[in-house]
Amino acid sequence: MDWSKTLNLPKTDFPMRANLPQREPEILRFWEEIDLYRLVQQKTAGRPKFILHDGPPYANGHIHLGHVLNKVLKDIIVKYRSMSGYDAPYVPGWDTHGLPIEQQVIKSLGLDWRKVGPVEFRRRCKEYALRFVEIQRQEFKRLGVRADWEHPYLTLMPFYEARQIEVFGEMAKRGYIYRGLRPVYWCPTCETALAEAEIEYAPKESPSIYVRFRVKDGKGLLPSDAAFVIWTTTPWTLPANVAVCLHPELDYVLVRVGKERLVVAEVLLPSFLEVLGVEGGEVEARFKGKELEGIVLEHPFFERDSLVVVDTYVSAEQGTGCVHNAPGHGEEDFVTCRRYNLPVISPVDGRGYFTEEGGPFAGKFYLEANEDIMAELRRRGALLAAGRITHQYPHCWRCKNPVFFRATEQWFASIDGFREQALKAIRSVRWIPAWGEERIYNMVASRGDWCISRQRWWGVPLPVFYCARCGKEIINETTIEHIKNLFAEHGSDIWYSAPLEVLVPSGLTCPACGSKEFTQEKDIMDVWFDSGSSHWAVLRQPSPWPDQHWPADLYLEGSDQHRGWFNSSLSTAVAITGQPPYRAVLTHGFVVDEEGRKMSKSLGNVVDPQEVMTKLGADILRLWVCSADYRGDLAASDNILRQVAEAYRKIRNTFRFLLANLYDFDPAEALPYSELLELDRYLLMRLEEVKRRVLRAYEEYEFHLVYHSIYSFCTVDLSAFYLNVIKDRLYCSLPHARERRAAQTVQYRVLLDLLRLLVPVLAFTTEEIWRHVKVVGEKPVSVQLLDFPEPDDSLLDPDLASRWDKLLRVREEVLVALEKARKEKLIGDSLEAKVKLFVKAEELEWWNAAREDLRTICLVSQLELLPGESLKVEVEPAEGQKCARCWMYSPEVGKDGDYPELCPRCAAVVRELSSR
RNA sequence: GGGCCCAUAGCUCAGUCGGUAAGAGCGCACGCCUGAUAAGCGUGAGGUCAGUGGUUCGAAUCCACUUGGGCCCA
C-alpha cells in the first residue's frame with residue numbers, strides 16, 4: 001500500500017529553478033502591456049507626493065555596476081513610497097551635452113569638427129547622445145526599474161534648454177554672472193577651459209630647476225650682489241614671471257655659497273645645499289619673509305622687474321621657500337599678484353604655443369620651450385641646479401594630456417554673491433548619512449568662483465551679445481526672454497543656424513554707445529550648469545512633467561556628487577530662489593572589488609552587469625544592492641554574487657514551499673487568531689517582529705537590514721523551524737482539519753506579508769509569485785499595485801514569547817543530544833528517537849503542560865519528562881513500530897484491525913477518507 | 001598635502017547609554033533524510049573586533065596616532 005496517496009503533500013506549478021535570464025524579459029513585456037507605471041500612478045493619485053528627482057547619468061557608454069547600484073536604490077525607494085501611502089512619480093533623466101560626447105563623435109565618426117561646422121557637428125552629437133539614451137533606457141528597464149520611461153527629461157530638449165537660459169538670466173539679473181580674465185585650467189589638446197571636475201591628477205615627469213633672481217633694489221636690507229633662489233617644475237612659465245612670493249612668517253637667510261650670496265628659507269637650506277652639492281653655507285643675515293616684501297628683483301632673462309611679495313600658501317616643505325609667480329599661469333599666483341596690482345602676462349595661445357609676447361620663444365610649444373628656457377638660464381648663469389622630478393600633475397579627464405593654467409576671458413558665476421545663503425541652505429537639508437553635511441559645507445565654504453564658459457560647440461550657448469562697436473556685453477531681460485523663447489521653440493541649434501537679426505531682439509541698442517550692431521557669444525555653458533538646472537527645468541511647474549513639484553523630496557547619487565550635481569544644483573537654486581532644491585540628499589559609496597579596491601580594467605576586477613543579467617538575472621543584482629550597506633563602499637565579485645544567488649534560491653524556495661502547501665487553501669477559509677495553535681501564534685509574532693523591523697529599515701533607508709531580516713526569517717524561523725515542524729499537521733491530517741487550516745492560515749499570511757515587503761527589492765520574482773497567489777475578491781493585475789502590510793499589535797503577546805523562548809532553548813539542547821545519538825548509530829531520522837528530558841521537580845508540571853508542543857518542535861516520536869537535578873537530555877530508540885503513513889513510532893501501531901500498519905491517528909484519518 | 005568616510009569570522013551583516021565568556025546567516029567540514037528532492041534538516045570548526053597607545057573598575061564601543069582602502073580636492 002502506498003500511503004502517500006492519502007497524504008496532503010505539497011503541490012505547485014511554481015518552479016524551483018528561477019531561470020531568471022529567460023523569465024525576466026517575459027515579465028518586462030507584461031509590465032509594458034499593462035502599462036504598469038501608469039496603473040501605479042492612477043492608483044496612487046491624490047496621495048501626498050514623494051518626489052525623487054533623478055540625477056541624469058551621462059549619455060555615453062553602456063551602464064556599469066555603479067549605475068545599477070544607483071538606479072536600483074532609487075527604484076527601491078520609489079516602490080516603497082508608492083506602496084506606503086505616497087504618490088511617487090519617477091521621471092528619469094539624461095545628461096546629453098558636453099565634451100565626452102564631442103570627443104566620441106570626433107573619434108568614432110572621424111569627424112573634423114573644424115570643417116563640418118557647428119550645425120552639422122551638433123546634429124551628430126545629438127544623434128550620438130540619443131543613441132546612448134536609448135541603450136541605457138533599455139538597460140535600466142532590464143533591471144526592473146519602474147519609471148516613466150516614455151517621458152524622460154533630456155538636457156538637450158528645447159524646453160529644458162529654455163529653462164536653463166532662464167536660470168542663467170535670473171542669475172545675471174541678480175549680478176552673479178560676470179566676465180573676467182583669469183587663469184583657468186586649459187587643455188591645449190582640446191583647446192578648451194576645463195572645470196575642476198574635469199581634471200584628473202596623474203604622475204608626470206617634469207624638470208626640477210633652481211633659478212637665481214638678482215636683487216635690483218635691496219631696500220637697504222640686502223646687498224646689491226645678493227639673489228633670491230626659486231624652485232620650479234615649469235620653466236616655461238618663467239617668461240610670465242612678475243613676482244617672487246615668500247611666506248610672511250617664515251625665516252629666510254642670506255647665505256654665502258661660493259661666490260654667491262643667496263636668499264632661501266632657513267628650514268630648506270640643508271636640502272638646498274645638498275641639491276647644489278655644496279658644503280657649508282655661511283649664514284650672513286636672517287629675515288622674516290614679510291621684512292623682505294617690496295624688494296625688487298631682476299627677471300632672469302627679460303628686461304623686466306620681479307617684485308618680492310608675500311602670501312601664506314607658500315610651503316616650507318619643498319624647494320626654497322621662494323615661489324616664482326606667474327599670475328597668467330597659476331591660480332594662487334593670480335590671487336596674490338592681483339593684490340600687488342601686478343600685470344597678468346599670458347604669452348601662450350590656446351594650442352599651447354608661445355605668442356609674440358613670448359619673445360625669443362614665440363612659436364614654440366610650451367613644453368618644448370622648457371629646454372630653450374633652461375639653455376637661456378644656463379647661458380646667463382642663472383640656472384643653479386637642474387634635475388628631473390615625477391610628481392602628481394593635472395591632466396585633462398578626456399584626452400589624458402597634461403593641462404596648464406592660462407589667463408583667458410571667461411564667464412563666471414560668483415559664488416561669493418550667495419555663499420552665505422548656500423551655507424545656510426545646506427544646514428536646512430537632511431543629509432543621509434549625516435556626515436554628507438560637513439562634506440558639502442566645507443566644499444561650498446572654500447570653493448572659488450564657478451567658471452561656466454567652455455570654448456566648445458556641444459552645449460547650451462551662453463546667451464550673450466556684444467556691442468560690435470564698443471565691445472560691451474549685453475545681457476538683459478529682453479535678450480534673455482527673446483533667446484529663451486527661440487530656444488523653447490527651436491532648440492539651441494538656432495544659435496548656430498539663424499542669422500543674428502533673428503537672435504537679437506528687435507530694437508536692441510547698446511546701452512553704452514547706442515550702437516545697433518552686435519556680435520554673439522561663441523562659448524557654451526559648462527555641462528554642470530545643464531544638470532545643475534534640472535530642478536528648475538523639470539520640477540518647476542508648469543512643465544512637461546506636471547506631476548513633479550519643487551523642491552524635490554530626495555536626491556540620491558554617489559558621494560562624488562557632493563562636489564558635482566548636489567553642488568551645482570544647490571548653487572543655481574540658491575542663486576535664483578534662496579532655497580535648496582532638495583529636502584534630503586542620500587549618498588551611496590562606490591563599487592569596489594572583494595579586496596576593497598576600485599574596479600578598473602587594468603586590475604581585471606570589473607564585474608559587468610550585462611553579463612550578470614545574462615547568467616544570473618536582474619533580481620540577483622537587485623538583491624546584491626539590497627544586501628550590502630551602501631553607506632560605505634560596495635564590494636562585488638563572482639564570489640559575492642554567487643553567495644547572493646544562493647540566498648535568492650533560499651528565499652525563492654521558501655516561497656515555493658508556502659505556495660505548495662496552500663494548493664487547496666481558500667483564503668476565505670482563513671481561521672481567526674483565536675483558533676490558531678500556540679505554535680502558529682508564536683510564528684505570527686515572529687512575523688510581526690520581522691515586519692516591523694523591515695518597515696523601519698525601509699523608512700530609514702537601511703535596506704541591508706531589510707535583506708538580512710527577511711532572509712534570516714526565511715532560513716531560521718520558517719525553513720528550519722516552523723515549516724519543518726508543521727509538516728505532520730499539513731500532510732497527515734484530514735484536508736479540512738482545523739489544525740491543518742490553522743497552519744495554512746499562518747502560511748498564507750506569511751506569504752502575503754513577505755511578498756509585499758519584498759516587492760521593492762525582488763521586482764521580477766515577486767511578480768512571478770503573485771501569479772500563483774489566490775486572493776479573496778478582485779486580484780490586482782500586478783503585485784506592485786498592492787500596499788505594504790501594516791503593523792498589527794494584536795499579534796504581539798509577551799507571555800507567549802517568553803514561554804516559547806524557553807521551549808526553543810530546550811529544543812537546541814535536544815537537537816545536540818539527537819546528533820550525538822545519530823553519531824552513535826542509535827538513530828537516523830529524529831522520529832526514530834524517544835527523548836527523556838530531566839527537569840527540576842518543581843518545574844515538572846509546567847513542562848508537562850508543554851510536553852506535546854515540545855515533542856512536536858523536536859520532531860521526535862516520544863518525549864518523556866522526568867524529575868532531575870537540572871536540565872538533562874537522554875535519547876533512546878522510540879517505542880513501538882513505525883507508522884507506515886506518518887512515519888512516527890508508536891506502541892499502538894498494529895492494534896487497529898483494518899489498518900495494522902498505521903498508528904491510531906492515521907487509521908482514523910484513512911477510515912474517514914475511505915468512507916467518503 | 002587638505003576635507004569627508006570605511007575597517008567585527010572566507011563572504012554579507014547584528015552588536016542599544018561603554019558592562020556577563022563577541023552574535024546571525026551563508027560558505028566550509030562531518031552527518032541525517034529521501035513525502036520541499038538540481039530540495040530539506042542537524043552538528044561542528046572558524047574572530048588579537050585593522051594596529052599601537054590612552055581614558056576607565058571595565059573598551060568592538062570613547063580619545064589620539066598609525067596602517068590599509070574609498071570619494072572629493074590641492
Side-chain angles (χ1 to χ4, degrees), chain A residues 2-12 14 16-17 196-197 199 201 313 315 317-318 331-332 392-394 433-443 445-447 558-564 567 587-598 623-624 626-629 631-635 637 639-647 649-650 652-661 693 702 704-705 707-709 711-716 719-721 723-725 727-728 730-732 812 814-823 825 827-832 859 885-887:
Chain A
D2 179 5
W3 296 105
S4 70
K5 292 193 171 58
T6 71
L7 297 172
N8 315 299
L9 292 177
K11 208 186 293 182
T12 181
F14 185 78
M16 182 181 307
R17 285 176 56 78
E196 288 173 1
I199 298 296
Y201 284 79
Y313 70 80
S315 149
E317 287 178 6
Q318 228 178 347
E331 175 74 30
E332 287 159 333
Q392 290 297 109
Y393 190 85
W435 50 257
E437 179 169 337
E438 280 315 294
R439 194 171 177 190
I440 192 168
Y441 190 93
N442 291 341
M443 284 176 182
S446 64
R447 73 174 289 200
S559 60
D560 58 333
Q561 297 303 327
H562 281 117
R563 193 165 194 90
N567 186 21
T587 48
H588 58 252
F590 279 71
V591 181
V592 296
D593 71 10
E594 212 168 311
E595 271 80 51
R597 281 187 301 251
K598 67 169 84 179
L623 198 59
W624 165 72
C626 185
S627 71
D629 186 346
R631 286 170 293 200
D633 292 330
L634 266 83
S637 67
N639 182 37
I640 288 168
L641 287 167
R642 204 180 309 126
Q643 179 183 327
V644 173
E646 276 298 317
R649 278 180 214 118
K650 184 74 187 185
R652 181 183 177 91
N653 218 26
T654 304
F655 274 102
R656 181 176 122 95
F657 194 48
L658 289 171
L659 289 169
N661 285 335
R693 191 168 165 80
E702 294 181 307
H704 61 293
L705 300 183
Y707 165 86
H708 281 281
S709 305
Y711 179 55
S712 160
F713 183 68
C714 285
T715 310
V716 181
S719 188
F721 179 57
L723 295 182
N724 222 10
V725 160
K727 282 180 191 170
D728 180 73
L730 280 172
Y731 298 173
C732 303
E812 287 187 29
V814 172
L815 291 182
V816 172
L818 287 172
E819 187 62 23
K820 191 161 160 275
R822 199 139 36 215
K823 281 258 171 1
K825 302 289 179 198
I827 57 164
D829 192 320
S830 60
L831 285 177
E832 293 167 25
L859 289 166
R885 185 166 176 273
C886 72
W887 296 348

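Below, read A as the first sequence line, B as the second, and so on, with proteins coming before strands; counting in each chain starts at 1.
The P atoms of B:C57 and B:C4 are separated by 32 Å, rounded to the nearest whole Å. On the C1' atoms, B:G27 is 24 Å away from B:U34, given to the nearest whole Å. Taking the P atom of each, B:A29 and B:G68 are spaced 35 Å apart, rounded to whole Å. Comparing the P positions of B:A14 and B:U56 gives a spacing of 32 Å, expressed to the nearest Å. Spacing of P atoms, B:U20 relative to B:G54, comes out at 23 Å, to the nearest Å. Rounded to a whole angstrom, the distance from the C1' atom of B:A22 to that of B:G46 is 14 Å. For the C1' atoms, the distance from B:A7 to B:C13 is 14 Å, rounded to whole Å. When the P atom is compared between B:C11 and B:G58, the two are found 33 Å apart, to the nearest whole Å.
Within the 4.0 angstrom heavy-atom criterion, base atoms lie near A:N653. Looking at heavy-atom distances under 4.0 Å, A:E646 makes contact with sugar-phosphate atoms alone, never a base. A:A660 comes within 4.0 angstrom of no nucleic acid atom, judged by non-hydrogen atoms across all strands. At a threshold of 4.0 angstrom between heavy atoms, the contacts of A:A628 are confined to the sugar-phosphate backbone, with no base atom among them. A:R652 comes within 4.0 angstrom of nothing in the nucleic acid, heavy atoms only. Using a 4.0 Å heavy-atom criterion, one finds that A:L7 contacts the bases of the nucleic acid, with or without backbone contacts as well. Within the nucleic acid shown, A:S719 comes within 4.0 Å of at least one base atom, counting heavy atoms only. Nucleic acid contact class of A:G589 (heavy atoms, under 4.0 Å, all strands): none. Among the heavy atoms of the strands lying under 4.0 Å from A:S627 are primed sugar atoms or P, OP1, OP2 only; no base atom is included. Within the nucleic acid shown, A:V644 has no heavy atom closer than 4.0 Å to any nucleic acid atom. In this structure, A:E595 reaches neither bases nor backbone, as no heavy-atom distance under 4.0 Å exists between it and the strands shown.
B:G35 has A:W887 stacked on its base ring, the centres lying under 5.5 angstrom apart and the planes within 30 degrees of parallel.
Contact annotation: A:Y731 side-chain N/O to B:A36 OP1/OP2 distance is under 4.0 Å. Distances shown here put every side-chain N or O of A:K650 at or beyond 4.0 Å from the OP1 or OP2 atom of B:A36. At least one side-chain nitrogen or oxygen of A:K727 sits closer than 4.0 Å to the OP1 or OP2 atom of B:A36. Phosphate contact (OP1/OP2 of B:U37, side-chain N/O of A:R656, threshold under 4.0 Å): present. A close approach under 4.0 Å does occur between a side-chain nitrogen or oxygen of A:H704 and OP1 or OP2 of B:A14.
Across all strands shown, B:G35 forms no Watson-Crick or G-U wobble pair with both distances under 3.5 Å. B:C17 is unpaired under the Watson-Crick or G-U wobble criterion, no partner having all donor-acceptor distances under 3.5 Å. With a 3.5 Å ceiling on both atom-pair distances, B:U61 lacks any Watson-Crick or G-U wobble partner. Using N1 to N3 plus N6-O4 or O6-N4 for Watson-Crick, or N1-O2 and O6-N3 for G-U wobble, each under 3.5 Å, B:C4 pairs with B:G70. B:A22 makes up no base pair with any nucleotide shown, lacking Watson-Crick or G-U wobble contacts both under 3.5 Å. Using Watson-Crick or G-U wobble geometry with both donor-acceptor distances under 3.5 Å, B:U43 finds its partner in B:A29.
Residue A:R563 places its side chain closer to B:C73 than to any other of B:C73, B:U43, B:G42. You'll find that the side chain of A:F657 is closest to B:A36, out of B:C72, B:C11, B:A36. When the nucleotides B:C41, B:G10, B:C13 are ranked by their closest atom to the side chain of A:D629, B:C13 comes out on top. The side chain of A:M443 lies closest to B:C72 when the candidates are B:C26, B:C72, B:G31. Of the candidates B:C72, B:G31, B:G35, the closest approach to any side-chain atom of A:E819 belongs to B:G31. Between B:C5, B:G42, B:C32, one nucleotide has an atom nearer to the side chain of A:W435 than all others, and that is B:C5. Ranking B:C11, B:A14, B:C71 by closeness to the A:L705 side chain, first place goes to B:A14. Closest approach to the A:N442 side chain among B:G3, B:C41, B:G31 is made by B:G3 (side chain taken as heavy atoms from C-beta onward). Across B:A38, B:C4, B:G10, the shortest atom-to-atom separation from the side chain of A:E438 is found for B:C4. Taking every side-chain heavy atom of A:M16 into account, B:A36 is the closest of B:C33, B:G35, B:A36.
In terms of heavy atoms, A:D2 sits closest to A:K5 at OD2-NZ, 3.1 Å. Considering all non-hydrogen atoms of both residues, A:N653 and A:M16 come closest at OD1-CG, 3.4 Å. The two residues A:C886 and A:D728 make their nearest non-hydrogen contact at CB-OD1, 3.9 Å. Across every non-hydrogen atom of A:V716 and A:A720, the tightest pair is O-CB, 3.8 Å.
Exactly one residue among A:L9, A:T12, A:L730 makes a side-chain contact (heavy atoms from CB on, under 4.5 Å) with A:N661. That residue is A:L730. The residue from A:T587, A:I440, A:D633 that alone fulfils the side-chain contact (heavy atoms from CB on, under 4.5 Å) condition with A:S559 is A:T587.
Whole-Å rounding puts the A:R649 CZ to B:A38 C1' distance at 10 Å. In this structure, A:D633 atom CG and B:A7 atom C1' are separated by 11 Å, rounded to whole Å.
A salt bridge does not link A:E646 with A:R642: none of the charged nitrogens is closer than 4.0 Å to a carboxylate oxygen.
Comparing A:C886 and A:I827 by the nucleotide of RNA chain B that holds the closest heavy atom to each, the one mapping nearer the 5' end is A:I827. Heavy-atom distances to RNA chain B give each of A:L818 and A:T654 a nearest nucleotide, and the one nearer the 5′ end belongs to A:T654.
Side-chain atoms of A:W624 come within 3.5 Å of backbone atoms of A:A635 as a donor-acceptor pair (strictly under, hydrogens ignored). Distance alone, capped at 3.5 Å, places no donor-acceptor pair between the A:R822 side chain and the A:I827 backbone.
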>> Apply side-chain contact (heavy atoms from CB on, under 4.5 Å) to residues A:Y711 and A:K650 and explain how you reach the verdict.
In response: CA-CA 8 Å; A:Y711 179 55; A:K650 184 74 187 185; 3.9 Å; yes
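In this entry the base of B:G46 is syn relative to its sugar, with a glycosidic angle within 90° of 0.
Judged by distance alone, with hydrogens and angles left aside, A:R447 brings no side-chain donor or acceptor close enough to the base of B:C73 to form a pair under 3.5 Å.
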